[in-house]
Every structure is written in C-alpha cells, then in structure tokens.
Student: 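The structure's right below; bear with me while I get my questions together.
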2 protein chains.
Amino acid sequence: MNKRKATTLKEIAKKLDISISTASRALNNHPDISDATKEKVQQLAEKLHYSPNLFAQGFRTQRSHILGVIVPNIAHYFTSTILKGILKEAETKGYKVIVSESNNNENKQSEMLRTMSQFGVDGILLALSRKTTSVDSILNTLDTVPLVLFDKVSHKIPCTQVVVDEEIAAFNAIEHLINTGKKRIAIIKETENSFNSEKRFAGYLRALKEHNIEVDKKIILSTEDVSLYKGRMMTNILLSLKERPDAIFAITDTAAIGAIKALHKYNIKIPEEIAVVGFSNSIHATIIQPSLTTVDQPGEKIGKTAVMYLIKEIESNKNEITTKTVTVKTHLIVRDSSFKV
Amino acid sequence: MNKRKATTLKEIAKKLDISISTASRALNNHPDISDATKEKVQQLAEKLHYSPNLFAQGFRTQRSHILGVIVPNIAHYFTSTILKGILKEAETKGYKVIVSESNNNENKQSEMLRTMSQFGVDGILLALSRKTTSVDSILNTLDTVPLVLFDKVSHKIPCTQVVVDEEIAAFNAIEHLINTGKKRIAIIKETENSFNSEKRFAGYLRALKEHNIEVDKKIILSTEDVSLYKGRMMTNILLSLKERPDAIFAITDTAAIGAIKALHKYNIKIPEEIAVVGFSNSIHATIIQPSLTTVDQPGEKIGKTAVMYLIKEIESNKNEITTKTVTVKTHLIVRDSSFKV
DNA sequence: AAAACCTATTCAAACGTTTGCGGGAATAAT
DNA sequence: ATTATTCCCGCAAACGTTTGAATAGGTTTT
C-alpha cells in the first residue's frame, strides 16, 4: 500500500489561486461565495477526488458522524435484524456505526459507554444488558452525549426509548388462543425485573381478565433465562400438573420451541391438546414442526426509528434531554402450533 | 447534555507546571521522561479522567484505531458469529470496529470500500459479496489501506485471506457417510463461481474417488442460491430419479433442512433410507427433527484470526502486501440425520 | 463627493496532539 | 579544568479544516 496521500484543500486552493478558506466555503456551499468560484472549486475537487480529512474535520468541529451501538449479543437474530435497520438508516443519513457487545455484562457495558463517549461518537444506541441494576454510568454518559435506548430499555433513564408494543402484542396472542377455544393458558416468563417480560405478562393478565378467565398461579412459571432447555423443563412441570393447561404462551421463541420439544416427547398433539405461542418470530419459527405461532417484531424498523430519533437529537443541538417512548407495532403470525386450517 | 468539556493535555501541563510535550511524552511512556514526572503526570491524568482527544490524535498521527468490516448480510448467523470474534479481538487490541452491510450488492461493496478508506480506517476486513466479478475497486483500496479477506474470498486479490478448510471438511463429511454404508451420495451445491461451494465440491469428488465410488452427474445438483426452498426442490428432483440416492450432502444447512422437509413429506426415513448432511452448524441444526449432522465452522476463531493478521499488517508498517492464506480447522458434528445410535 | 452598504474574498486563529530539535544541567571521561 | 556524554525537558512547528473578523473593490444612498 503506497498510501498515496489524499488531496487537500490547500492544493485545490493553490491550483485555483484562491485562499484555503474560500475553497472550504465553496465546498460547503457557503452563501458568501460566488456561484462562479463554487463551480470552479467543486469541479476541481471532483477531478482530484478530494475528500475532506475526516480527522481534521472532526477535530475542528467536534463532530465525528459516528454512532455507537451497544447490544448484549450480536449473534441473536432479532438483534442482528435491528442492527440491519440501524446500519441502513445511518448510512443514508451519512453516519458510520461502530458496534460493541456487552455480553450481558453490566461492567463491560459501562466501560463501553465510557470509551465510546470519550472516543467521540456523536450519539449512542443502547440495548440494555440483562439485569442492569445500576444506571449511574448510563446517566453519566447521558450528559456527555445523546443516547437512545431500544428493545431492552429502562424507565429509570430519562431519554428517548424505542420499544415494541409488548403488552398489546401479548394481549393479542392470548386473545387469539382464547378465540380458538383455549381456556387454561399457561405462561412461561422471566423472573421479575425484565422490562420486556413484565410487559408481556401484563398483556397476558389483561387478556384473561377481559375474557373473565381466572388466573391460576400454578400455570404461571418464571425462570431466570428463558432458554430452550428451560422451556422444556417448564413444560415438563406443566405436564405434571393434575390440571394440565391447554395452551402455553412462552415469552420467547426459544422457550416455545423447548415447549414443543417437550410436548413431542410425551406425544401430545399440538395444537389440539396443547397449543403453543412464542414471541419474536425467530428464524426457527418455520423450521420447527409444527411451525410456531409467534409475535413478529419488526427489527429493522426498530433500528431505523432509533437512529432517526438519535440523529434528530444530535442535529438539533439543544442541550435538553428529551424523554419520550416510541412504540413500534408488532403483529401476530398464526401458524400450525396454535391453529390448523 | 452539558457537554462538559474533556480535560486536555494543556490543563495537566499547567497544573503540574511542565510543558505540554513532557506531559504528552510522560503519558506515552517516552524514555526521555524521568520516572518521577511520569508518575506525577499519570496520576493527575487518572484523577482528572483525562483521555486524549481521539480526533486530535488521529489527525496528528493519521491513525484512527478503527477497523472497517464489510459483510454481505449481518443477520446471517455464521456471519454474526464471526463478527463476535472480530469485536472481541479488536477490543482487546484497542481497536473500534465499524461495520457495513453490502447486501450482496457489488456496487455497494465498492462504495463502502471507498468511503471506509477515505474515512480513515486503519484496516479493512472484507467478506466478499456474492458474485463479485470486478475486483478493481478492491485492488484500488488495497493500495490505500491494509485489507484482509475472510470467509468469502478470492484468489484474484493479493492479500491475506482467512478461510475454513472447506475441502477437507467436505471430504470428511462424505467419508463419514461412506463409513455408515452409504454408496450413492448426492450433492446440492452452488452454481460455478462460488469459491466456497467449489472447494466443498472438490472435497466431495476426492472422497468418492478415494473410495472408488463413481460419480454420477444425475445426483450432482447446482442452484443459484442455496436456500431452504431450493433445498426442497432439489431433493424433490432427487426423489424423482429412478435410482434414488441414499444420502444427500447439502452445501449449506438451510438447504439441508429443506431436504429434510422434503423427505418428511414423502415419509422417507432419515437416515435409514436417506441420510442428510449439511454445512455450517447453524442454530437450526439442533432444532430440526432429526437433528442435523453438519460441519462446524468456528466463526469466532475466524473473526479473531482475521483481526490478528490485519492488525499485524497495520502495525508493521511495511508497505508490502503480504499474500497468505490462513486456514482454520472445522470439524464434523454427527447427529441423527446421518447416524443414529 | 462623501458616506454607507454590499459582495466576494482573504487573514489568521484555533482545535489538541505528537515530535524533531535544541539546550541546560548534571554526571562521567579525559 | 575542560570536554564529552547522558539525562530531562521545553520550544515550536505541523497536521487540515472551519470560521469570526477584516479588507478590498464596487455599488448605491445621502
């Protein structure tokens, strides 16, 4: 690599026998510059493949045109879908995106927030790591650089948050089960302080209430991590009950798939005996047999809107923190695990 | 956000009544500086949460400590696994990573290479977009900035490349099938100029040859995109043959799953009647029934080694292009679709 | 004809860091 | 005592860009 040095403003200025400042202003379309010289400069710049030295520019303006993204796990399908949306929108708005994984480690998350802000990103997009207990570091970076939360959020942090209509989604899912004649609907959820899980649980409760179905705590199961394995274990528990449920709503697709596997083992007919509904519309949903009814979350849209709000906040350089929750709509995808045609 | 300005070298220097340059050198552990002052400076820097202005630094040194990554599709599981490795290794080496998606669009890929190099990344990691025909733009950026290819590579580009032992992996997969008694092994592969597919095909051929099995072109099927749908279609074709195969090797897990679905439809016993082997060890492999025998590609390791080589190239600022192919080992994971215990 | 006002341009400073060079003080060699 | 050497440190330039202020020339207003 011969690192042929890039053309600079100075060279352009010299060739056209004008000052560096006019060259700069001409390229930035400054009103003070005559159309004639603007034309000249822009043409020469084009010809010499001029592109501003991003460091000099960023150094001068303190704007990097870089967005930082921190997610718990990049290999999670839904997350990568969001990332897709983020990348796309950022690109069209002229921003680059640097991404980091917190691996659900709160300390690492704090560390990353710090290094990103001192790195000079213009804004940060953050999906909270599981069990983020101390929001101090986040509040800290919040008064250094604009930040918007998405997917995994917390109302303890005053900033704009982009989420999915978890409660309504869960409500619709449960109502769908009720409409297919199910009356005893179990739920596999996360333990307490998962924002998403609690919202979905609320939707579950509301649906039961509106349809006058009494809640039975025996079929409300909680677990630390809603994995495939835990999905199996939980349904094993459900199957051991005297009164088995006739449907299972798992807070997560992987848990739902675990449930299906457990039901398979006991040769229980899905959905006739027990229906299963998941949440996320993961890629597995159509792989598993029977195909899984689940809630589709528009990942790309989430990413896109998160970027939109972040950039809006960046470019209106008001120093006030806007705290606003944007909700993106989901929709239920009915497949064989809950209703066969 | 009050944008409380960061502490600068000047402030540290003033407080300690030394010059800016000594402060700088003290922090960079320059031999000219006495241990005493180094100590002083570093302590104060720590106390004031000093962190160098990355722009000024990058501006001065023309080093950004940013790596650029371009992949066809970030939501592809294997890709995101590689990314994981990249992020991890880059972080430990003190680099940030900006990522872009080419969406398998060659023009976009070129565009991204250009903007990344003019953006000032220190190096680029690239997984070629499908059907990259013109390598000109790549050769162009290659003499501006160090570049290493991974996963989707091309020998037309003189640079270090990190790949998987595709040929051996395929060979082992086929040999495994032969060892289980299969004699008529079909392959579902990609059409021509996919580097990966051709390598795997070569392994297939070699395995047959070494075991004195004649190749039958009727059971060698090619397709443009090895999707689930195409996997189904191809196996439908295979099932319509007078002489059906007794095993199917699909170049890709998704196609293998398509094959399994097709076999299910015709109630063909897997693996007794027809065995199936895939490639990639996607997350689906254990979801599908029967679980899929497949080749595990160590994504994280690929990402990690790619970063290692790239950084090595960056930091030894020899201006020569090193062209070297690093091969990462895979291993076959035998599951129910090829061999039941 | 002087004053006021545009218009198009240039000057020069500034952003924070790194680094070649020079120099003073202390120590060692002659 | 003089010279050479070593050890620390400061000076000042430089990187490329943006931008407030100044300026020159030209036009309009009084």
Student: Let me know the distance between CD of B/Q57 and C1' of D/dA14, rounded to the nearest Å.
Tutor: 16 Å
Student: Does C/dG16 have its OP1 or OP2 closer than 4.0 Å to a side-chain nitrogen or oxygen of B/S24?
Tutor: no
Student: Tell me yes or no: between the side chains of B/K312 and B/T160, is some donor less than 3.5 Å from an acceptor?
Tutor: no
Student: Among C/dC15, D/dT17, C/dT17, which nucleotide sits nearest the side chain of A/F59?
Tutor: C/dC15
Student: Kindly point out which of C/dT9, C/dT17, D/dC9 is positioned nearest to the side chain of B/T22?
Tutor: D/dC9
Student: Looking at the side chain of A/T8, which of D/dG16, C/dT9, D/dC9 is the nearest nucleotide?
Tutor: D/dG16
Student: Which is true for A/S21 with a 4.0 Å heavy-atom rule: it touches a base, it touches only sugar-phosphate, or it touches nothing?
Tutor: base
Student: Between B/A56 and B/K38, which is nearer to the 5' end of DNA chain D once each is assigned its nearest nucleotide?
Tutor: B/K38
Student: Check if the side chain of A/R25 and the base of C/dT10 share a donor-acceptor pair of N or O atoms closer than 3.5 Å.
Tutor: yes
Student: Figure out the CD1/P separation between A/I33 and C/dT10, and round it to whole Å.
Tutor: 8 Å
Student: For B/N103 and A/K88, test the side chains for any donor-to-acceptor distance below 3.5 angstrom and give the result as yes or no.
Tutor: no
Student: Could you check how far CG of B/L9 sits from C1' of C/dC15, rounded to whole Å?
Tutor: 13 Å
Student: In whole angstroms, how far is the P atom of C/dA14 from the CG atom of B/N53?
Tutor: 17 Å
Student: May I ask you to evaluate whether A/T37 reaches the phosphate of C/dA8, defined as a side-chain N or O under 4.0 Å from OP1 or OP2?
Tutor: no
Student: Once you round it to whole Å, what is the distance between P of C/dT9 and CG of A/L27?
Tutor: 14 Å
Student: A/S34 side chain N/O closer than 4.0 Å to the phosphate oxygens (OP1, OP2) of C/dT9?
Tutor: yes
Student: CG of B/D32 versus C1' of C/dG24: gap in Å, rounded?
Tutor: 14 Å
Student: Find the distance A/K10:NZ to D/dA14:P and express it as a whole number of Å.
Tutor: 9 Å
Student: Under a 3.5 Å threshold, yes or no: a donor from one side chain and an acceptor from the other, between A/K96 and B/T115?
Tutor: yes
Student: Rounded to the nearest Å, what distance is computed from the NE2 atom of residue B/H30 to the P atom of nucleotide C/dG20?
Tutor: 8 Å
Student: What does A/I20 touch in the nucleic acid at a heavy-atom separation under 4.0 angstrom: a base, only the sugar-phosphate, or nothing?
Tutor: base
Student: Less than 6.0 Å separating the ring centroids of A/H155 and A/F195?
Tutor: yes
Student: Looking only at side-chain N and O atoms, does B/S34 offer a donor or acceptor that is under 3.5 Å from a partner on B/T37?
Tutor: yes
